Amino acid sequence: MIGLERRKGFYTLLQTAKLAREARLPYYFVCAGAIQLQEFDAAEQTEIRKLGKAVANGEIDNVFFTPDAVRIPSEADYNSLFSSFHIAWAAYEGFQGSSGTLSKAAAFEIPCIATSGECIGNRVRTYQLGITIREGSAEQALAAIPQLVSDDGTMLETLSPRYEEYREHHSQKRLDRILKDLLDSLG
(Lines give C-alpha, C1' and ligand atoms only; values in the text may rest on other atoms or scores of the structure.)
Protein backbone atom coordinates (compact mmCIF):
# COMPACT_ATOMS: atom_id res chain seq x y z
CA MET A 1 0.00 0.00 0.00
CA ILE A 2 1.01 3.56 -0.56
CA GLY A 3 -0.02 6.22 1.94
CA LEU A 4 0.05 4.80 5.45
CA GLU A 5 -3.16 6.22 6.84
CA ARG A 6 -5.58 4.76 9.35
CA ARG A 7 -8.51 5.16 6.93
CA LYS A 8 -6.59 3.23 4.27
CA GLY A 9 -6.39 0.22 6.57
CA PHE A 10 -2.67 0.48 7.30
CA TYR A 11 -2.98 -1.12 10.72
CA THR A 12 -5.02 -4.01 9.30
CA LEU A 13 -2.36 -4.52 6.62
CA LEU A 14 0.27 -4.75 9.37
CA GLN A 15 -1.86 -7.31 11.21
CA THR A 16 -2.22 -9.28 7.97
CA ALA A 17 1.56 -9.28 7.54
CA LYS A 18 1.96 -10.48 11.13
CA LEU A 19 -0.45 -13.39 10.52
CA ALA A 20 1.41 -14.29 7.32
CA ARG A 21 4.73 -14.21 9.16
CA GLU A 22 3.38 -16.43 11.96
CA ALA A 23 2.07 -18.91 9.38
CA ARG A 24 5.39 -18.76 7.49
CA LEU A 25 3.62 -17.78 4.28
CA PRO A 26 5.81 -16.39 1.47
CA TYR A 27 4.05 -13.02 1.24
CA TYR A 28 5.80 -9.67 1.19
CA PHE A 29 3.95 -6.51 2.23
CA VAL A 30 5.00 -3.07 0.98
CA CYS A 31 4.13 -0.08 3.15
CA ALA A 32 5.33 2.99 1.28
CA GLY A 33 4.96 6.71 1.77
CA ALA A 34 4.51 8.86 4.82
CA ILE A 35 2.78 7.87 8.03
CA GLN A 36 0.99 10.16 10.47
CA LEU A 37 1.41 8.31 13.77
CA GLN A 38 -1.02 10.62 15.57
CA GLU A 39 -3.87 8.93 13.66
CA PHE A 40 -3.28 5.78 15.71
CA ASP A 41 -3.92 5.15 19.40
CA ALA A 42 -1.03 4.82 21.86
CA ALA A 43 -0.87 1.00 21.73
CA GLU A 44 -0.92 1.01 17.92
CA GLN A 45 1.78 3.67 17.81
CA THR A 46 3.97 1.54 20.06
CA GLU A 47 3.40 -1.51 17.86
CA ILE A 48 4.12 0.46 14.69
CA ARG A 49 7.36 1.86 16.15
CA LYS A 50 8.44 -1.64 17.26
CA LEU A 51 7.70 -2.96 13.79
CA GLY A 52 9.77 -0.21 12.19
CA LYS A 53 12.74 -1.06 14.42
CA ALA A 54 12.36 -4.81 13.81
CA VAL A 55 12.26 -4.26 10.03
CA ALA A 56 15.34 -2.00 10.19
CA ASN A 57 17.20 -4.58 12.29
CA GLY A 58 16.34 -7.39 9.88
CA GLU A 59 14.18 -9.21 12.42
CA ILE A 60 11.11 -8.93 10.18
CA ASP A 61 11.64 -9.83 6.55
CA ASN A 62 8.12 -9.89 5.10
CA VAL A 63 7.42 -6.16 5.37
CA PHE A 64 8.95 -3.11 3.71
CA PHE A 65 8.34 -0.19 6.05
CA THR A 66 10.38 2.92 6.72
CA PRO A 67 8.69 4.95 9.49
CA ASP A 68 10.41 8.20 8.53
CA ALA A 69 9.63 7.94 4.81
CA VAL A 70 8.18 10.95 3.02
CA ARG A 71 5.36 11.27 0.56
CA ILE A 72 6.09 9.67 -2.86
CA PRO A 73 7.46 12.67 -4.80
CA SER A 74 5.80 12.29 -8.20
CA GLU A 75 3.04 10.52 -10.07
CA ALA A 76 5.65 8.67 -12.15
CA ASP A 77 7.36 7.39 -8.99
CA TYR A 78 4.01 6.42 -7.50
CA ASN A 79 3.00 4.56 -10.66
CA SER A 80 6.36 2.81 -10.91
CA LEU A 81 6.02 1.45 -7.39
CA PHE A 82 2.30 0.65 -7.65
CA SER A 83 2.76 -1.24 -10.93
CA SER A 84 5.15 -3.64 -9.17
CA PHE A 85 2.46 -4.85 -6.74
CA HIS A 86 0.79 -8.24 -7.18
CA ILE A 87 -2.22 -7.15 -5.11
CA ALA A 88 -3.56 -3.67 -4.46
CA TRP A 89 -4.79 -2.86 -0.93
CA ALA A 90 -8.13 -1.03 -0.83
CA ALA A 91 -9.36 -2.42 2.50
CA TYR A 92 -10.19 0.99 3.92
CA GLU A 93 -11.74 1.62 7.32
CA GLY A 94 -14.56 4.01 8.11
CA PHE A 95 -14.46 5.36 4.57
CA GLN A 96 -17.44 5.62 2.25
CA GLY A 97 -15.95 7.34 -0.82
CA SER A 98 -14.14 6.22 -3.92
CA SER A 99 -10.40 5.68 -4.21
CA GLY A 100 -7.71 6.28 -6.77
CA THR A 101 -6.34 2.89 -5.73
CA LEU A 102 -9.06 1.22 -7.80
CA SER A 103 -8.19 3.33 -10.84
CA LYS A 104 -4.51 2.46 -10.46
CA ALA A 105 -5.37 -1.23 -9.99
CA ALA A 106 -7.50 -1.16 -13.15
CA ALA A 107 -4.82 0.73 -15.08
CA PHE A 108 -2.12 -1.79 -14.17
CA GLU A 109 -4.52 -4.77 -14.07
CA ILE A 110 -3.74 -5.69 -10.48
CA PRO A 111 -6.36 -7.50 -8.36
CA CYS A 112 -7.53 -5.84 -5.13
CA ILE A 113 -8.34 -6.70 -1.56
CA ALA A 114 -11.05 -4.24 -0.57
CA THR A 115 -13.48 -3.58 2.24
CA SER A 116 -16.95 -4.89 1.44
CA GLY A 117 -19.81 -2.44 1.04
CA GLU A 118 -19.73 1.28 0.43
CA CYS A 119 -18.38 2.69 -2.84
CA ILE A 120 -15.06 0.82 -2.97
CA GLY A 121 -16.46 -2.59 -2.10
CA ASN A 122 -19.38 -2.20 -4.48
CA ARG A 123 -17.07 -1.24 -7.35
CA VAL A 124 -14.72 -4.15 -6.64
CA ARG A 125 -17.68 -6.55 -6.73
CA THR A 126 -19.36 -4.95 -9.76
CA TYR A 127 -16.22 -4.96 -11.88
CA GLN A 128 -14.79 -8.14 -10.33
CA LEU A 129 -11.56 -6.34 -9.46
CA GLY A 130 -10.74 -8.63 -6.54
CA ILE A 131 -12.07 -9.87 -3.23
CA THR A 132 -13.89 -7.93 -0.55
CA ILE A 133 -13.42 -8.50 3.16
CA ARG A 134 -15.03 -7.34 6.39
CA GLU A 135 -13.58 -4.03 7.56
CA GLY A 136 -10.52 -4.53 9.75
CA SER A 137 -10.32 -8.30 9.19
CA ALA A 138 -6.68 -9.32 8.84
CA GLU A 139 -7.80 -12.97 8.81
CA GLN A 140 -10.03 -12.43 5.77
CA ALA A 141 -7.33 -10.36 4.06
CA LEU A 142 -4.81 -13.15 4.52
CA ALA A 143 -7.29 -15.74 3.22
CA ALA A 144 -7.91 -13.59 0.12
CA ILE A 145 -4.29 -13.55 -1.03
CA PRO A 146 -4.11 -17.09 -2.46
CA GLN A 147 -7.49 -16.52 -4.11
CA LEU A 148 -6.03 -13.62 -6.09
CA VAL A 149 -2.52 -14.67 -7.06
CA SER A 150 -0.54 -17.87 -7.47
CA ASP A 151 2.66 -18.62 -5.60
CA ASP A 152 4.70 -16.83 -8.26
CA GLY A 153 2.61 -13.66 -7.93
CA THR A 154 0.67 -13.99 -11.19
CA MET A 155 -3.06 -13.37 -11.20
CA LEU A 156 -5.11 -16.53 -11.08
CA GLU A 157 -6.86 -17.41 -14.33
CA THR A 158 -10.11 -18.06 -12.42
CA LEU A 159 -10.51 -14.32 -11.85
CA SER A 160 -12.48 -12.42 -14.46
CA PRO A 161 -11.78 -8.78 -13.69
CA ARG A 162 -13.38 -6.21 -15.97
CA TYR A 163 -10.50 -3.76 -15.89
CA GLU A 164 -11.17 -2.27 -19.31
CA GLU A 165 -14.82 -1.63 -18.48
CA TYR A 166 -13.80 -0.01 -15.18
CA ARG A 167 -11.28 2.22 -16.95
CA GLU A 168 -13.93 3.28 -19.50
CA HIS A 169 -16.62 3.97 -16.90
CA HIS A 170 -14.26 6.04 -14.75
CA SER A 171 -12.36 7.87 -17.48
CA GLN A 172 -11.90 11.57 -18.12
CA LYS A 173 -13.35 10.97 -21.59
CA ARG A 174 -16.61 9.65 -20.10
CA LEU A 175 -16.81 12.54 -17.63
CA ASP A 176 -16.34 15.02 -20.47
CA ARG A 177 -19.10 13.29 -22.42
CA ILE A 178 -21.48 13.38 -19.44
CA LEU A 179 -20.77 17.05 -18.77
CA LYS A 180 -21.24 17.91 -22.45
CA ASP A 181 -24.58 16.08 -22.51
CA LEU A 182 -25.65 17.90 -19.35
CA LEU A 183 -24.71 21.30 -20.76
CA ASP A 184 -26.42 20.51 -24.05
CA SER A 185 -29.61 19.58 -22.22
CA LEU A 186 -29.62 22.95 -20.43
CA GLY A 187 -29.10 24.98 -23.55
Side-chain angles (χ1 to χ4, degrees), residues 1-13 16 29-36 38-39 69-138 140-150 153-187:
M1 80 180 299
I2 301 175
L4 311 179
E5 301 171 40
R6 169 173 283 295
R7 72 174 177 91
K8 288 187 173 186
F10 174 58
Y11 192 74
T12 302
L13 180 79
T16 305
F29 298 82
V30 174
C31 306
I35 183 170
Q36 302 298 317
Q38 68 272 15
E39 294 180 350
V70 296
R71 183 176 170 88
I72 306 283
S74 72
E75 186 80 8
D77 292 329
Y78 187 104
N79 288 342
S80 178
L81 177 59
F82 195 101
S83 67
S84 72
F85 295 166
H86 294 131
I87 297 174
W89 183 268
Y92 289 13
E93 297 177 17
F95 184 75
Q96 297 77 36
S98 182
S99 171
T101 296
L102 297 185
S103 296
K104 296 287 186 188
F108 297 114
E109 299 192 354
I110 299 170
C112 299
I113 294 176
T115 307
S116 60
E118 302 300 344
C119 182
I120 292 171
N122 290 331
R123 287 181 177 175
V124 167
R125 284 193 181 265
T126 298
Y127 296 95
Q128 301 168 277
L129 301 178
I131 293 176
T132 59
I133 63 169
R134 186 178 67 252
E135 182 177 304
S137 178
Q140 287 184 359
L142 186 62
I145 294 170
Q147 296 176 58
L148 295 172
V149 294
S150 64
T154 56
M155 188 173 18
L156 295 177
E157 292 180 19
T158 57
L159 296 176
S160 299
R162 297 179 3 231
Y163 295 123
E164 186 174 338
E165 185 178 354
Y166 185 89
R167 290 189 299 260
E168 168 58 30
H169 287 176
H170 297 87
S171 68
Q172 181 71 44
K173 184 177 176 181
R174 180 168 183 247
L175 177 61
D176 291 346
R177 196 169 50 246
I178 290 169
L179 290 175
K180 181 186 178 311
D181 292 347
L182 176 64
L183 291 173
D184 289 348
S185 73
L186 297 173

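Bear in mind that the values here come from a model prediction, so they are computed numbers and not experimental data.
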Novice: Do the non-hydrogen side-chain atoms of Y127 and P161 ever get within less than 4.5 Å of each other?
Specialist: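 No, side chains not in contact.
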
Novice: Please walk me through it: do C112 and L102 pass side-chain contact (heavy atoms from CB on, under 4.5 Å)?
Specialist: CA-CA 8 Å; C112 299; L102 297 185; 3.8 Å; yes

Novice: Less than 4.0 angstrom from a charged side-chain N to a carboxylate O is my criterion; do D176 and K180 meet it?
Specialist: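 Looking at K180 together with D176, the answer is no, because their closest N to O distance does not fall below 4.0 Å.
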
Novice: Is any side-chain heavy atom of Y92 closer than 4.5 Å to a side-chain heavy atom of S99?
Specialist: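 Y92 reaches S99 side chain to side chain.
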
Novice: Side chains of P111 and L159: does their closest heavy-atom pair fall under 4.5 Å?
Specialist: yes

Novice: Any chance you could measure L148, atom CG, to I110, atom CD1, to the nearest 0.5 Å?
Specialist: 12.0 Å

Novice: Below 4.0 angstrom, N of the basic side chain to O of the carboxylate: do K104 and E109 qualify?
Specialist: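 No.
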
Novice: At their closest point, which heavy atom of G33 faces which heavy atom of A69, and how far apart are they?
Specialist: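 Closest approach of G33 to A69, heavy atoms only: O-CB, 3.5 Å.
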
Novice: Rounded to the nearest 0.5 Å, what separates atom OG in S137 from atom CD1 in I113?
Specialist: 10.5 Å

Novice: Quick check: does any side chain N or O of R162 sit under 3.5 Å from a backbone N or O of T126, one acting as donor and the other as acceptor?
Specialist: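 Yes, R162 side chain to T126 backbone: donor-acceptor pair under 3.5 Å.
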
Novice: Taking atom OG1 of T16 and atom CD1 of I133, what is their separation to the nearest 0.5 Å?
Specialist: 6.5 Å

Novice: Can S80 and D77 be counted as having a side-chain donor-acceptor contact under 3.5 angstrom?
Specialist: no

Novice: Any chance you could measure I87, atom CD1, to F29, atom CZ, to the nearest 0.5 Å?
Specialist: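 Those atoms lie 8.0 Å apart.
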
Novice: Calculate, to the nearest 0.5 Å, the distance between atoms SG and CE belonging to C31 and M1 respectively.
Specialist: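 One finds 7.0 Å between SG of C31 and CE of M1.
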
Novice: Which heavy atom of A34 sits nearest a heavy atom of R71, and at what distance?
Specialist: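 It is CB-N, 3.8 Å.
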
Novice: Hey, does S98 have a side-chain heavy atom less than 4.5 Å from the side chain of I120?
Specialist: no

Novice: Quick check: does any side chain N or O of W89 sit under 3.5 Å from a backbone N or O of T101, one acting as donor and the other as acceptor?
Specialist: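 Not a single qualifying donor-acceptor pair exists.
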
Novice: Check whether the ring centres of F82 and F85 lie less than 6.0 Å apart, and answer yes or no.
Specialist: yes

Novice: Do you know which two heavy atoms are closest between T132 and R125, and how far apart they sit?
Specialist: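 Scanning both residues, the minimum pair turns out to be OG1-NH2, 2.8 Å.
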
Novice: Are E93 and T115 linked by a side-chain donor-acceptor pair shorter than 3.5 Å?
Specialist: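 Judged by distance alone, the side chains do not pair up.
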
Novice: Should we count CD of E164 as having more than 12 external heavy atoms under 6.0 Å?
Specialist: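 Open.
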
Novice: For residues R134 and S116, is any side-chain donor paired with an opposing acceptor at under 3.5 Å?
Specialist: no

Novice: So, using side chain to side chain contact (heavy atoms under 4.5 Å, CB included) as the criterion, who are the partners of R177 when residues are at least two apart?
Specialist: E168, K173, R174, D181

Novice: Rounded to the nearest 0.5 Å, what separation is found between the CD atom of E5 and the CD1 atom of I35?
Specialist: 10.0 Å

Novice: Does a side-chain heavy-atom distance below 4.5 Å link Q36 with R6?
Specialist: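 No, their side chains stay 4.5 Å or more apart.
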
Novice: Mind checking whether Y166 and Q128 have side chains closer than 4.5 Å, heavy atoms only?
Specialist: no

